Amino acid sequence: MTSKFNFSKKEKLKSIKDIEQLFKKGISIHQYPFRLTYLEKKEKNGVLINFGVSVPKKKIKLAVNRNLIKRRVREAYRLNNKALKNMLSNSGKELNMMLIYGSEQILSYSEIEGKIKVILYRLTESCEVDSK
RNA sequence: AUUGCAAAUCGUUCUAUCGCUGUUUCAUUUUUAAUGAGAGAGAGGAAAGUCCGGGCAGCACAGAGUAUCCUACCUAGCGAAAGCUAGGGUAUUGUUUCAGGAAUGGAAUAAUAACAGAAAGUGCCACAGAAAAUAGACUACCUCAAUUUAUUGAGGAAAAGGUGAAAAGGUGAGGUAAGAGCUCACCAGUUACAGAAGUAAUUUUGUAAGCUAGGCAAACCUUAGGAGCUGAAAAAUCAAAUAAACCAAGGCUUGAGGGUUACUCGCCUAAUCUUGGAGGGUAGAUUGUUAGAGCGUGGAGGCAACUCCCCGCCUAGAUAAAUGAUAGAAACCUGAACCAAUGUAUUGGUAAAUAAGGUACAGAACCUGGCUUACAGAUUUGCUUUUUUA
RNA sequence: GACUUGGUAGCUCAGCUGGUAGAGCAUUUCACUUUUAAUGAAGGGGUCCUGGGUUCGAAUCCCAGCCAGGUCA
């Protein structure tokens with residue numbers, strides 16, 4: 001399973017309660033144009049990461065463009081989350097995380113992918129430090 | 001051929017790899033859900049704005065009245081309705097043309113119209129101006145009186161003046177102290193009646209009245225016709241929950257309180273009202289939810305809106321919200337530059353069947369008919385500008 | 001998804017039963033003071049969100065659009 005680059009319905013962050021908890025207590029990493037908020041799960045549900053994307057209406061006004069950015073971000077996350085998942089399965093943790101888009105311009109896929117790689121690498125590092 | 005405007009139709013396609021959401025078949029695990037494999041499906045003409053309709057759902061409904069909202073030239077047609085289509089009328093504006101010295105008028109044509117009523121009533125019309133809608137007396141005009149002889153007072157008059165968006169019919173004659181539709185002639189408009197044309201809106205002719213009757217209803221309003229209220233976060237079921245439950249007091253058929261979902265009358269009502277006390281829980285899932293005033297090909301009718309018939313099809317169903325990412329190719333459009341190196345203005349390379357760039361507006365959220373707004377480009381039709389040929 | 005308010009000076013708001021667009025704060029100049037503040041006086045500053053319509057005349061009435069809020073179980 002881990003050899004594939006899946007991102008199915010189960011791995012999305014959906015519950016309103018979980019999202020409220022995440023924004024109250026979560027830890028943030030800033031890396032322009034993104035802000036990543038994450039929190040370790042209290043009750044494990046067998047899924048390593050529940051992940052969500054948010055694009056604020058104030059920054060991007062048209063629904064078409066918001067959808068486009070979300071799709072690009074999800075695609076970049078899908079292709080680049082392997083290292084993080086390996087680390088978590090080794091340490092036995094599960095995370096909730098939310099990625100918020102902060103730019104007013106529509107970035108291309110290659111730019112977004114580069115930023116996602118950087119931010120996921122930083123997250124992996126900080127998690128490893130915590131577990132030690 | 002070309003310029004612009006309007007209307008209608010369409011509004012990118014294919015391949016590879018990796019993914020997303022439903023449906024369905026098979027297999028495995030295991031016991032009703034996962035995982036894997038296969039098949040097949042997966043945004044629009046506006047999905048948008050939420051400006052009008054309808055379905056559907058809940059609540060209400062003996063009945064009457066009021067309020068509120070919507071519609072508004074005529075005829076015919078289409079449609080479930082909203083509304084749309086065709087033709088005609090009237091008004092305004094533009095263009096062309098004819099008449100004329102001009103003002104202006106006639107004809108044709110195009111665009112636009114929230115195009116019922118201002119003679120049912122109320123209200124408003126700033127500033128300016130004497131006066132702004134029952135007319136009115138500032139200057140100038142006329143008569144009389146008084147005297148200080150160029151002023152004052154009383155009256156007449158609505159002709160002249162300037163102002164203003166708008167000054168209360170126009171021209172001429174008579175008339176008079178001066179004047180006035182005061183009277184007359186011609187012209188213009190208004191209302192009533194009658195005749196003619198037309199299904200009608202309306203047009204036109206005559207007679208009478210009379211010069212009154214200005215504008216604003218996208219001011220209140222009147223007339224005619226129509227509309228119960230609330231919206232899928234509606235609503236139902238399951239799970240959870242003693243929760244419209246429990247305890248105490250008051251109120252009672254002479255109707256208090258409550259209901260009648262904007263109000264009044266009327267009607268209904270005792271398990272249903274009022275006050276206080278104690279006191280939780282949920283933030284999920286499924287249905288609603290996609291077979292319908294449905295879509296497509298063909299035929300028939302109609303100028304059109306649209307209707308009928310035959311055959312075929314099942315055609316998104318997400319919910320922090322799927323329908324994508326990367327690479328390559330094709331199609332269409334614009335088209336004279338583009339790439340690399342350095343010495344930064346030169347050199348080298350690729351380039352006219354090309355280099356390079358671009359492909360709009362925009363994302364379903366219960367469904368659906370219209371309206372409005374946004375839109376690269378293509379095609380068709382009508383009108384139009386300029387040029388060429390006959 | 002459904003419903004509903006508002007947009008006026010640099011800022012916060014009046015004006016919205018149609019008739020020259022105003023207040024407070026800020027800003028500019030002057031006076032007072034050794035100087036500043038405070039105080040007093042005088043000014044400047046407006047596409048009344050945009051486009052059309054009704055009207056003699058529109059910030060105000062009507063229509064369409066743009067932008068910014070608010071409510072719901």
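Atom set for the values below is all heavy atoms of this structure, side chains included, hydrogens, waters and symmetry mates excluded. Predicted, not measured: the structure shown is a model, and the values here were computed from it. Lettering of chains follows the sequences in order, A, B, ..., and the numbering in each one begins at 1.
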Under the ring-ring contact (aromatic ring centres under 6.0 Å, His included) rule, what pairs show up with a residue in residues 63-108 of chain A, not counting sequence neighbours?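 Residue pairs with at least one partner in residues 63-108 of chain A: A/F7-A/Y77, A/F34-A/Y101, A/F51-A/Y77.
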
Can you pull out every ring-ring contact (aromatic ring centres under 6.0 Å, His included) where at least one residue sits in residues 104-128 of chain A? Sequence neighbours excluded, please.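 Sorted result for residues 104-128 of chain A: empty, none.
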
Which of these nucleotides, B/U326, B/G19, B/A364, is closest to any side-chain atom of A/A63?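 Closest nucleotide among those given: B/A364.
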
Spacing of the P atoms in B/G45 and B/G58 (rounded, Å):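 So the two P atoms sit 33 Å from each other.
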
[N] - base-pair partner by Watson-Crick or wobble geometry, distances under 3.5 Å:
| N | value |
| --- | --- |
| B/G288 | none |
| B/U112 | B/A91 |
| B/A278 | none |
| B/C193 | B/G206 |
| B/C308 | B/G299 |
| B/U350 | B/A337 |
| B/A262 | B/U66 |
| B/U75 | B/A86 |

Using O4'-C1'-N9-C4 for purines and O4'-C1'-N1-C2 for pyrimidines, with syn meaning within 90° of 0, is [N] syn or anti?
| N | value |
| --- | --- |
| B/U319 | anti |
| B/A43 | syn |
| B/G22 | syn |

A/E125 side chain vs A/R122 backbone, donor-acceptor pair below 3.5 Å: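 No, because the side chain of A/E125 does not come within donor-acceptor range (under 3.5 Å) of the backbone of A/R122.
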
Of all residues at least two apart in sequence or in a different chain, which pass the salt bridge (Lys or Arg N to Asp or Glu O under 4.0 Å) check with A/E113?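 By the salt bridge (Lys or Arg N to Asp or Glu O under 4.0 Å) rule, A/E113 matches no residue at all.
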
Go through the structure and list residues passing side chain to side chain contact (heavy atoms under 4.5 Å, CB included) with A/R35, not counting sequence neighbours.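 Listed in chain order: A/F23, A/S28, A/H30, A/T37, A/I100.
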
When you measure from every atom of RNA chain B, which of residues 67-77 of chain A have a heavy atom less than 4.0 Å away?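 Contacts with RNA chain B under 4.0 Å: A/N67, A/L68, A/R71, A/R74, A/E75.
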
When you look at A/L36 and A/M98, which way does the side-chain contact (heavy atoms from CB on, under 4.5 Å) test go after all the steps? CA-CA 6 Å; A/L36 180 75; A/M98 176 70 89; over 6 Å; no

Distance-only donor-acceptor hits, side chain of residues 65-74 of chain A, under 3.5 Å, sequence neighbours excluded:
residue : atom : partner : partner atom : Å
A/R66   : NH1  : A/I60   : O            : 3.1
A/R66   : NH1  : A/K61   : O            : 3.0
A/R72   : NH1  : A/L107  : O            : 2.9

